[in-house]
Amino acid sequence: MGGGRKTKHGAEVAPIFRARREESSRGEDGREEDSDSAASDTSRTAAAAPLTKADLRHLLQEIKTNMAAEFSRHLTPITESLNDLTRRTTAIEDQLDRTSMQAQTNETAISALQDQVRLLEEAQEDLNNRSRRNNIRIRGVPETVGIDMLAPTLRELFCSLLPEASPAELLLDRAHRALKAPLPNATQPRDIIIRMHYFHIKEALMRAARDNPLQIEGHQVCFYQDLAPSTLRKRRELRPLTLELARRHIRYTWGHPFKLQVRQNNRVHTLYHISEATAFAERLGLPAIDLTTEQPDRRPAGRLSPRGPTLHPTRAPPPSSPHPQPAT
C-alpha cells in the first residue's frame with residue numbers, strides 16, 4: 001500500500017495503526033512527564049511547608065544529645081585529672097596540718113627542754129662552785145717555786161697573813177699549779193690552786209690578803225676565789241659593765257648562784273642573766289654597754305661565797321708593802 005510505513009521487520013504499517021501508536025506513545029510520555037511533575041511538586045510543597053514545634057523540639061534534642069556526647073568525650077579526662085589533683089591537694093593539706101600541729105608541739109617541748117637544760121646548767125654550775133668553796137686561786141707566785149716547795153712556801157705565806165692561826169688550822173688538802181704547760185719566756189706565772197681543809201680559815205685568808213698586799217721575789221701575789229669556768233666566762237662577758245661601775249665608783253657584789261647586785265639610792269638592783277645587761281644599765285643610769293667586745297681573761301673576777309655575796313676587790317694593792325716577805 002502506498003504511503004505506508006515499514007516496521008523494524010520490514011512490514012509496512014497502515015496509517016490508522018500508525019496514528020494509534022503515536023497516540024499511545026504520546027500518552028506514555030505524558031504519564032512519565034506527569035509523574036516527574038508530581039514528584040517535583042511534592043518536593044517543592046515539602047520544602048515550602050513551615051516546621052512545626054515538634055520538628056524543632058526533635059532537632060533541638062538531637063543537637064543537645066550530640067553536644068552532650070561530644071562534651072562528655074572531651075571533658076572526661078579533664079574531670080579525672082581534676083579529681084586526682086583534688087585528692088592530692090587534700091592529702092597535702094592534711095599532711096601540712098599534721099606537720100604544723102607537730103611543729104607547735106615540738107616547739108613547746110623544745111622550749112620546755114631548753115628551760116630544763118638551763119636549770120640543769122645552773123644547778124651544775126652551782127654544785128661546781130660549791131665543790132670549790134674551800135679553794136683559793138693564788139696568782140703571782142713565780143715559776144721558780146717548784147712543786148716540792150709549794151706547800152712550805154704557802155704555809156709560811158699563810159702564817160704571815162694569819163699569825164694567830166695554829167699550824168693545825170692552816171691545814172692544806174692539796175696545792176698544785178694550773179693544769180696547763182708553762183709558756184716559754186712567759187711574764188705571768190701559772191696560777192696556784194689550793195684547797196684549805198677548813199672553810200673559815202680559807203675565808204680569813206681571803207680577807208687578810210685583801211687588806212695586806214703580798215710579794216714573793218718581787219712578784220705581787222693576789223688571792224682569788226676559785227670559780228667554775230662557766231662562772232668565769234659569764235663574768236668576763238660582763239666585764240665592760242663592771243669596769244663602768246668601777247669607773248663611777250659604784251660598788252657591786254657577785255651573788256651565788258650567778259648574779260650581779262648593785263645597791264643604789266637604797267635600792268638593790270640585781271642582774272641574773274647577761275641578756276638583761278642593757279636594761280640593768282638603764283636602771284642604774286649608765287650609758288649603753290657594749291658586751292659584744294671580747295674581753296681578755298686576765299684574772300678570775302671577784303669572790304664567791306656560799307654564805308652570800310661578797311665585795312668585788314676593785315682596789316688594786318700598792319706596789320710595795322712593809323709586811324715581811326716569806327722565805328722561798
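- To the nearest 0.5 Å, atom NE2 of residue His256 and atom CD of residue Gln225 are 9.0 Å apart.
- The pair Lys234-Glu237 does not count as a salt bridge, with every side-chain nitrogen at least 4.0 angstrom from each carboxylate oxygen.
- Residues Gln102 and Asn106 have side chains that bring a donor and an acceptor to within less than 3.5 angstrom of each other.
- In this structure, Arg247 pairs ionically with Glu244, as a charged nitrogen and a carboxylate oxygen lie closer than 4.0 Å.
- A pairwise comparison of heavy atoms in Ala277 and Leu271 identifies CA-CD1, 3.5 Å as the closest pair.
- At least one test fails for Arg137 against the ring of Phe223: distance under 6.0 Å to the centre or angle within 45° of the axis.
- Side-chain contact check for Thr144 versus Met149: every heavy-atom pair is 4.5 Å or farther apart.
- Closest non-hydrogen pair, Met196 versus Asp173, comes out as O-OD2, 3.9 Å.
- For the residue pair Val145 and Arg177, the shortest heavy atom distance occurs at O-NH2, 3.3 Å.
- For Asp126 and Arg130, the salt-bridge test passes: some basic side-chain N is under 4.0 Å from an acidic carboxylate O.
- Around NE2 of His249, the count of heavy atoms belonging to other residues, nucleotides or ligands within 6.0 Å does not exceed 12.
- Leu172 CG to Asn134 CG: the interatomic distance, rounded to the nearest 0.5 Å, is 11.0 Å.
- Closest non-hydrogen pair, Tyr198 versus Ala168, comes out as CE1-O, 3.6 Å.
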